[in-house]
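Following: one structure in structure tokens, then a few remarks.
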Amino acid sequence: MDRCATVLAPNRDKQYCELCGKMENLLKCGRCRISFYCSKEHQKQHWKKHKLTCREADKSKTVPRTPHQQDKTTDPDLINRTESSETVSSSSTTKPKPQSHKLATDYIVPCMKKHGICVVDSFLGEDMGLSILEDVKALQQTGKFTDGQLVSQKSDSTKDIRGDKITWIEGKEPGCEKVCFLMSRMDDLVRNCNGKLGNYSINGRTKAMVACYPGKGTGYVRHVDNPNGDGRCVTCIYYLNKNWDAKANGGVLRIFPEGKAQFADIEPKFDRLVLFWSDRRNPHEVQPAYATRYAITVWYFDADERAKAKEKYLITGAGEKGVKVELNKPSEPS
């Protein structure tokens with residue numbers, strides 16, 4: 001199934017530009033009134049693919065249409081931004097979309113409270129996942145990936161502890177539009193969980209850490225993301241590994257929940273989203289990977305703990321993880 005057929009599924013709750021994934025200041029297709037675009041130019045560029053599903057959607061409409069709309073066989077018009085109350089806004093006052101809200105409140109919140117770990121499969125759909133993977137591979141070819149560093153120290157033994165190559169993405173960089181889209185969907189999901197995850201008040205997050213384990217047995221030894229109260233409360237990881245075979249390729253995320261004899265093995269499957277508490281409740285490791293393994297990680301901040309950490313450790317925007325952004329708002333240095 002092509003991308004258009006996927007995003008035009010009935011009762012779609014995700015509204016974004018069909019071409020670039022942008023979620024702000026959207027215009028609705030004036031013909032099918034289902035698809036969205038950020039500009040007339042992007043609609044024209046996408047029309048060759050969209051026209052097939054647009055016409056099918058048009059046939060299924062029972063609402064009378066004007067002769068102009070019925071006869072139009074070239075690019076359909078976009079309706080005015082102010083005409084639809086469904087138009088997406090980055091404002092925190094935007095009403096939560098039903099499906100995202102339901103996923104957050106009915107599944108993620110109870111799962112996090114009970115287990116401290118939550119796995120969501122098929123988070124964005126195959127076509128969007130593949131587009132994100134293309135962004136990541138293109139980014140990798142620029143040579144901007146560097147060896148992953150340890151938060152507490154930089155030493156010659158770092159490679160013995162973690163073997164990934166990483167780069168940090170704010171979301172505005174050229175060529176990272178799909179990664180930015182992923183970040184906005186993570187934000188939307190976490191915002192719908194906010195206020196329901198214990199005493200946490202989540203008010204921001206880090207940049208996205210794009211990581212690649214280049215195979216050859218590279219991994220990350222057992223560790224805790226936030227052992228010393230730096231403000232991170234939820235770790236959110238998205239995987240991009242098509243046809244991953246854990247038996248042959250390894251690379252499993254193994255989490256050791258505090259106070260439990262069992263551990264949780266999570267395969268880094270394509271389009272899988274994993275959330276877990278970032279503190280000492282969830283020591284975890286990335287087992288040796290024998291094939292190239294991609295992941296994108298974002299950490300979300302608890303407002304109170306983050307404020308105390310800034311005061312105690314004099315955290316500034318210069319640190320890799322010291323960049324705070326408001327959920328679904330442009331990023332700003334902390």
Drop me the distance from [X]'s [atom1] to [Y]'s [atom2], to the nearest 0.5 angstrom.
X	Y	atom1	atom2	value
Asp279	Asn228	CG	CG	11.0 Å
Trp277	His115	CH2	NE2	12.5 Å
Leu130	Asp127	CG	CG	6.5 Å
Glu173	Asp135	CD	CG	11.0 Å
Thr105	Asn192	OG1	CG	7.5 Å
Tyr200	Asn194	OH	CG	12.0 Å

Sidechain N-carboxylate O distance under 4.0 Å for Asp187, Arg191:
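Result for this pair is no, no salt bridge flagged.
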
Plane angle bin for His223 and Tyr220 - parallel if under 30°, tilted between 30 and 60°, otherwise perpendicular
parallel

Parallel, tilted or perpendicular, as decided by the 30° and 60° cut-offs, for the rings of Tyr37 and His50
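Perpendicular: the ring planes of His50 and Tyr37 meet at over 60°.
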
Check against side-chain contact (heavy atoms from CB on, under 4.5 Å), Cys212 and Thr292
CA-CA 7 Å; Cys212 171; Thr292 303; 3.6 Å; yes

[X]: partners by side-chain hydrogen bond (donor to acceptor under 3.5 Å, both in side chains), with sequence neighbours left out:
X	result
Thr235	Asp225, Ser278, Trp299
Asp245	none
Gln140	Tyr294

Applying side-chain contact (heavy atoms from CB on, under 4.5 Å) to Val298 and Val190, what does each step give before you reach the verdict?
CA-CA 11 Å; Val298 169; Val190 171; over 6 Å; no

Tyr107 side chain vs Val119 backbone, donor-acceptor pair below 3.5 Å
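Between the backbone of Val119 and the side chain of Tyr107 there is a qualifying donor-acceptor contact (under 3.5 Å).
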
Carefully, step by step, assess Thr167 and Thr146 under the rule side-chain contact (heavy atoms from CB on, under 4.5 Å).
CA-CA 6 Å; Thr167 190; Thr146 59; over 6 Å; no

More than 12 heavy atoms of other groups within 6.0 Å of [X] [atom1]:
X	atom1	value
Lys144	NZ	no
Asn199	CG	no
Lys196	NZ	yes

Output every pair passing salt bridge (Lys or Arg N to Asp or Glu O under 4.0 Å) with a member in residues 285-302, not counting sequence neighbours, ordered by first then second residue.
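Not a single pair qualifies under salt bridge (Lys or Arg N to Asp or Glu O under 4.0 Å).
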
Among pairs that include at least one residue of residues 125-147, which meet ring pair (Phe, Tyr, Trp, His ring centres under 6.0 Å), considering only residues two or more places apart or in two chains?
none

Within one Ile-Leu-Val-Met-Phe-Trp-Tyr cluster: [X] and [Y], side-chain cutoff 4.5 Å:
X	Y	value
Ile132	Trp244	no
Val252	Leu240	no
Val274	Phe263	no
Val120	Leu182	yes
Val234	Leu103	yes

Only one of Arg222, Gln262, His284, Lys260 clears side-chain contact (heavy atoms from CB on, under 4.5 Å) with Ile255; which?
His284

All heavy atoms of Pro214 vs all of Gly163, minimum pair found to be CD-O, 3.6 Å

Correct closest heavy-atom pair for Gly229 and Ala309 would be O-CB, 3.4 Å

Are any non-hydrogen side-chain atoms of [X] and [Y] less than 4.5 angstrom apart?
X	Y	answer
Lys242	Glu126	yes
Gln43	Leu27	no
Lys216	Tyr290	no

Sequence neighbours left out, cut at 3.5 Å: what donor-acceptor pairs do the side chains of residues 265-272 make with other protein atoms?
unit_1: Asp265; atom_1: OD1; unit_2: Arg254; atom_2: NE; d: 2.6
unit_1: Asp265; atom_1: OD2; unit_2: Arg254; atom_2: NH2; d: 2.9
unit_1: Asp271; atom_1: OD1; unit_2: Leu124; atom_2: N; d: 3.0
unit_1: Asp271; atom_1: OD1; unit_2: Tyr238; atom_2: OH; d: 2.6
unit_1: Asp271; atom_1: OD2; unit_2: Phe123; atom_2: N; d: 3.2
unit_1: Asp271; atom_1: OD2; unit_2: Leu124; atom_2: N; d: 3.4
unit_1: Asp271; atom_1: OD2; unit_2: Gly125; atom_2: N; d: 2.8
unit_1: Arg272; atom_1: NE; unit_2: Asp121; atom_2: OD1; d: 2.6
unit_1: Arg272; atom_1: NH1; unit_2: Glu267; atom_2: O; d: 2.9
unit_1: Arg272; atom_1: NH2; unit_2: Asp121; atom_2: OD1; d: 3.3
unit_1: Arg272; atom_1: NH2; unit_2: Asp121; atom_2: OD2; d: 3.2

